[in-house]
Each structure stands twice: as C-alpha cells, then as structure tokens.
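Input: a single structure, listed below in structure tokens.
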Amino acid sequence: MDIQDTLSNSKKRLDAQKVRIYLCGVTVYDDSHIGHARTIIVFDVLRRYLESAGAKVELVQNFTDVDDKIIDRARAESSAAGIVSGRYIESYFRDFDELNVMRADSYPKATEHIGEIIDYISTLEKKGAAYSSANGVYFAVSAFSRYGVLSKKKIDELQSGARIEVDESKKDPLDFALWKFSKDDPSWDSPWGRGRPGWHIECSAMSTKYLGENFEIHGGGRDLIFPHHENEMAQTETCTGAPFAKIWMHVGMVTINGEKMAKSTGNVRSVRRVLDEWGPNIIRLFCLSGHYSKPIDYTEDLLCEDLAKWRQAETCYFELIHAGGPGGGASGMVKEMSASFDAALRDDLNTHLALSAFFGMVKVANKMAAEGTLGGDDARAIRPELERMMGILGLSIPEITQEEIQEIDGMITQREELRKEKKFSDADRIRDEISGMGVELLDHGHGTVWVRREKIRAEN
RNA sequence: GGUACGGUGGCAGAACGGUCAUGCGUGGGCCUGCAAAGCCUAUACAAGGGGGUUCGACUCCCUCUCGUACCUCCA
C-alpha cells in the first residue's frame, strides 16, 4: 500500500511483509480524549488492514509516564507520580479495549527504560552531540545538520520565533533536554547527576530497542511533528548514523464544534464520556469518516449521521443471518465492493472511501432483503465479506445467545398469530416488549426479521 | 511573522485535465393493520476571489483571501 510520508511529503510504497510500527502514545496524566482516540483508531485500522493483507505487523506504542504534568498532578493530589500514571494507564486500557482497539505488541514505559535512555545519552555524548550544563544534559541541535527537515522549519526562523523563556544554561535556545537534573521523585542516578529523562529521548531509546534502528512507520498526531518527532529524529539519526523511520505518518487533529480542544475552554471530550454517549462503533465510524491526515470536527450532527449509518449496518447484519431460500445475483456486487474497499485502503488508508464501499454493500443487501430477493446464496456471498470489512474497520455487533434467539422467535410467532387474528393491540404489546429487550422487528411482506439494536444513550 | 494542511451542493466527503462519486438531509409517492425497515422519485446555480497554461480545469501554475494546526504542554 501507499502511505503519505511527512518527511518526503510524498506517498511512499509499503510492500514489506513485516511492518514495524512505532506509535507515540499518550502521556498518562489525565483521561484520554477523542483526539487520542482518533489517532489510535487510525493506527488500529492500519494494523488490521495490513494484517488482513498478509503482512506481519509489529506495533509498539509507548506510555510517557514521567513528565512534568504527571508530577504536577501527583503533587496536587499529595500522591506519587507512579500512582497517577498507573491510574491513567488503567483507564487507557478500559477506554480503548471498549473502543475495540486491538492491543499493541508492547506498551513500553519510559520509567522502565531508564538504563537504555542513559546508554543512549552516553552515546550521544561520545559523538559530541550532547553536553551537560547547570540544569541538565542537552542535545546540541548544531550536531545534526538536517535539523528541521521533518517539520520543514528553518533553524534561524525557529530561534526568532521562540516564545518560551530561554534557558541560559543552554548553548543554543533550540537545544533540548535529554536529561533534567532533579533530586525530587521520580528521579534516577545517572553519570551526569540525579534526574529524569527529557520528553523525546524515551521514544528514541525504546523504538530502537523494540523495532531496531530503522523501521517502517513512525506515527502520531500531527501536533507531534514539532518538536517531538523532529527532536527524536535528530537524536536517533545522530546516535545510529542511519536513517530512522521509513515513513512518518501523522493524524490530523479533532476539533470540537470548530474549536481546538483545550482545557481552558472546557471543551475536551473524554473517551469515557463519548463512549458512554455513543458507544464504540459510532465513535469509530466518526473517526474514520474523513481522511486521517485532515482535521475532523466533532459535532452532534456528524455523530447522528454515523448513528443512522450504523443502524443500517446492524439491519444488514441480521438480515443476512435470517436470509434463506432462493435468490442469487449478489456475488458480482460483493466482488466489486470488496475490490473498491481494498483499493481505498491501499491508497493511503482512505477510510472514507472504504466506508462508502462498506455501506454500498449494506444498502444493496438491505434492499434485497426488503424486496424478498435476498437468498441463502446471497447471504453466503455477502456475509463473509461484510464481516471481513467490519473486522478491518473494527466494528462489532454484540453477541446474542441461543436462549435469547429462541425467546425472541417464540414471541414473534405469538405476535404473528395475533396479527392474523387482527388483534393488533395485543400484537403491538408484544412488539413493544421485544423492543424493550433492545430488539427491533422488521415486517417484510414475506415474514418478520428481528434486529438487535445497540443501545445508544445519545439517541434519546 | 514563519511552516504545514485545507477551502467542492443545506451538511459530510471522494475521484478526476473533458461525463462533477457517495452518504446524510429535504419534498412527493409506494409498501404496512399501524409503525419501523426498505423502495421509487424529485431536489442541489456545488467548487473562496482574481489571473494564467490548455481545444478544454474543480483538477496544473501564479497571486490574493479565509480557515485549522504547529512554532519547545499537546494525539
């Protein structure tokens, strides 16, 4: 497949059988929000697609668990950094498991790689790219002549535009911390003095450890391009002397009603909250509704649209289960939609077009079902393809037990008899009862089909 | 100020140098005991402004403009 590479600003072919991906995860000082969810869902779909296409994927996603914000939070709670980060790592997994995000192969933490980080800084020091000063150990940007290539920034412009107070102990305002001196917890001994790692160095040390010096894809949110990824690249390539990631892949931001999500404006949408309101499938549809590289705006209207689409997909899923009898003629359509689904994802993970193919198939199947032309052969052609697409998109229909099926079928039979006797109010009572169980009835000319509806709180 | 990405019908959103997907929405009708689901049909002057290249541009180039993000907290 082809993926847009931030560094070369062009699409790059990815045809390796083994794809190693390093995804910059979250700093665990608070609950995850919808922006984190988008990035992680995009990479989840990338991973699922690559695996379905036969590639062996190794996905590593870090947790930044040592950071000023974590320390501040711990201080505010009279707690310890480890307690705070531990709590938010737990909440991360609760949220993202529920979002149906597959687990990465590993989730390395900065605090568990202090030895590797120190070794990394030592190597940089030996190469003359790091120096120790009053406040910490810094990376000398001057040691990396290509500094700025990833974010397309010119060094002299960066200096004049710097709006943060300059640390006088640095040789150059652009130099960034590899190690910050501190005696307070959390801190570790190092050859330069007690302290803790800077932000960027963990990703260099851990990506190299788990994926090697040169791997296929390095990704994260667009806001990480500068300074995080720029700095990572400078460190890593200086250290290894080899090119770092083959492809840099960045996911666009999520805005809320057209505005940036910010604590100060109080418009941060936590994953927990949107999950409670909309459930995993609709959030995934939302996050995949536009191209990953572009920003998307979180609005009630768009979520409602995704809800309507999800209802169609549910309908289709159950229509296929119930379908039987004569029919045929769907197989051509299935092949076509399947091909366009794959072609869309192959071209820079165009999930919007892939969803068009998915819902195109859903629409055709639902139409056939309503007309009574959806036969057993059709269902056998459509269903595996529908499930394959849902698998790649990470959409899932809750399991339904055999007992529930029997109970519902029994009630439907009762209702049918009442309807034949024209006892409509009694029949409607049964329909209401079934509806209370989260099951909707579709009366077709040729019989009644039931659909289990996912409960969406925002719907009411 | 700099950099990046974008500005396509009411909304969302693709592709493509020549025919401007698709979905949602909206109007009307059909089906139904009723509803839901589904269908049929209609609907939209669609491309931020201005230049240029071209037989022809939404698509390429220039310019202006607007939006969003980033410029050492940020997914």
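Computed from heavy atoms alone, side chains included, the values below leave out hydrogens, waters and symmetry copies. Chain letters run A, B, ... following the sequence lines, proteins first and then strands; every chain starts at 1. Predicted model, so just to flag it, every value in this text is computed and none were measured.
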Cation over ring, A:Lys69 on A:Tyr29, under 6.0 Å and within 45°? yes

So, is the end of the A:Lys171 side chain (NZ or CZ) under 6.0 Å from the ring centre of A:Tyr138 and within 45° of the ring's axis? no

Per [X] side chain, nearest of listed nucleotides [options]:
{"X": "A:His444", "options": "B:G13, B:A37, B:C11", "result": "B:A37"}
{"X": "A:Leu442", "options": "B:U72, B:C70, B:A36", "result": "B:A36"}
{"X": "A:Lys363", "options": "B:U68, B:A4, B:G23", "result": "B:G23"}

Touch class at under 4.0 angstrom, heavy-atom based, for [X] against every strand present:
{"X": "A:Arg73", "value": "nothing"}
{"X": "A:Arg311", "value": "nothing"}
{"X": "A:Arg38", "value": "nothing"}
{"X": "A:Phe424", "value": "base"}
{"X": "A:Gln312", "value": "sugar-phosphate"}
{"X": "A:Asp67", "value": "nothing"}
{"X": "A:Gly25", "value": "sugar-phosphate"}
{"X": "A:Val449", "value": "nothing"}
{"X": "A:Asn9", "value": "sugar-phosphate"}
{"X": "A:Asp301", "value": "nothing"}

For atom CE of A:Met368 and atom C1' of B:C40, their distance in whole Å: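 Rounded to whole Å, this separation is 18 Å.
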
Please report the distance, rounded to the nearest Å, between CZ in A:Phe359 and C1' in B:U22.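 From A:Phe359 CZ to B:U22 C1': 12 Å.
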
A:Arg222 or A:Leu441, whichever maps to the more 5' nucleotide of RNA chain B: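 Upstream on the strand: A:Arg222.
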
Between A:Ser293 and A:Gly221, the residue closer to the 5' end of RNA chain B by nearest nucleotide is A:Ser293

Can you see if the side chain of A:Trp199 gets near the phosphate of B:C74 - specifically, an N or O under 4.0 Å from OP1 or OP2? yes

What about A:Glu371, does its side chain sit under 3.5 Å from the base of B:G38 through a donor-acceptor pair?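 Result: no qualifying N/O pair found.
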
Under 3.5 Å donor-acceptor pair, A:Asp443 side-chain atoms to B:A35 base atoms: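 In this structure, the two groups form a donor-acceptor pair.
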
